[in-house]
Participant: 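This is the structure I want to talk about, given as structure tokens.
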Amino acid sequence: MSLPPDLILDLHIQPRASRDEIAGYHGGRLKIRITAPPVDGKANQHLIGFLAEVFGVPKRNVELLAGESGREKRVRIARPARLPGILQP
């Protein structure tokens, strides 16, 4: 399977969760639970690190496109090395 050069994801974020995980879908968006609190951009930075790990890319390849201050976010993953099971065809 060949991976796309860029992947755009619409996300629903749940901060202050008990663990970092992809939790399925919520309202047509991929639901991500993260442990970081939504304070001073900490949740966004934590999310970027989590997504970089999941997709096997450096943090610089994860870009927050929209939703900096809300739970609904749009991100771009540049040149993902792998896809999590929930996104595989």
Participant: When you compare the side chain of Ile22 with that of Leu87, does any pair of heavy atoms fall below 4.5 Å?
Facilitator: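 They are not in contact (no side-chain heavy atoms under 4.5 Å apart), so the answer is no.
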Participant: Pro80 and Pro5: which non-hydrogen atoms are nearest, and at how many Å?
Facilitator: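 Result for this residue pair: CD-O, 3.9 Å.
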Participant: Tell me the side chain to side chain donor-acceptor pair (under 3.5 Å) pairs involving residues 12-22, sequence neighbours left out?
Facilitator: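 Of all non-adjacent pairs touching residues 12-22, those that pass side chain to side chain donor-acceptor pair (under 3.5 Å) are His12-Glu72, Gln14-Lys31, Gln14-Arg33, Arg19-Glu21, Asp20-Thr35, Asp20-His46, Glu21-Arg33.
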Participant: Show the nearest heavy-atom pair for residues Ala36 and Ala43, with the distance to one decimal.
Facilitator: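 Looking at all heavy atoms of both residues, the closest pair is CB-CA, 3.9 Å.
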Participant: Within the 4.5 Å heavy-atom criterion, are Lys59 and Val62 side-chain neighbours or not?
Facilitator: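 Lys59 vs Val62: side chains apart.
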Participant: Drop me the distance from Ile13's CD1 to Phe50's CZ, to the nearest 0.5 angstrom.
Facilitator: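 Nearest 0.5 Å value for the CD1-CZ distance: 9.0 Å.
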Participant: What distance separates Ile48 CD1 from Asn44 CG, expressed to the nearest 0.5 Å?
Facilitator: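 It comes to 6.5 Å.
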Participant: With sequence neighbours left out, write down each residue that passes side chain to side chain contact (heavy atoms under 4.5 Å, CB included) with Ile8, or none if nothing qualifies.
Facilitator: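 Result, side chain to side chain contact (heavy atoms under 4.5 Å, CB included) vs Ile8: Leu65, Arg74, Arg76.
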Participant: Atom CD of Gln45 and atom CD1 of Ile34: how far apart are they, to the nearest 0.5 Å?
Facilitator: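 Gln45 atom CD to Ile34 atom CD1 measures 10.5 Å (nearest 0.5 Å).
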Participant: Please check if atom CD in Glu53 has more than 12 non-hydrogen atoms from other residues, nucleotides or ligands closer than 6.0 Å.
Facilitator: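 At most 12 heavy atoms, drawn from other residues, nucleotides or ligands, come within 6.0 Å of this atom.
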Participant: Report yes or no: does Arg29 contribute a side-chain atom to a donor-acceptor pair with the main-chain N or O of Lys73 at less than 3.5 Å?
Facilitator: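 Judged by distance alone, yes, a pair lies under 3.5 Å.
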Participant: So do Val54 and Ile77 actually touch side chain to side chain, heavy atoms under 4.5 Å?
Facilitator: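 Not in contact.
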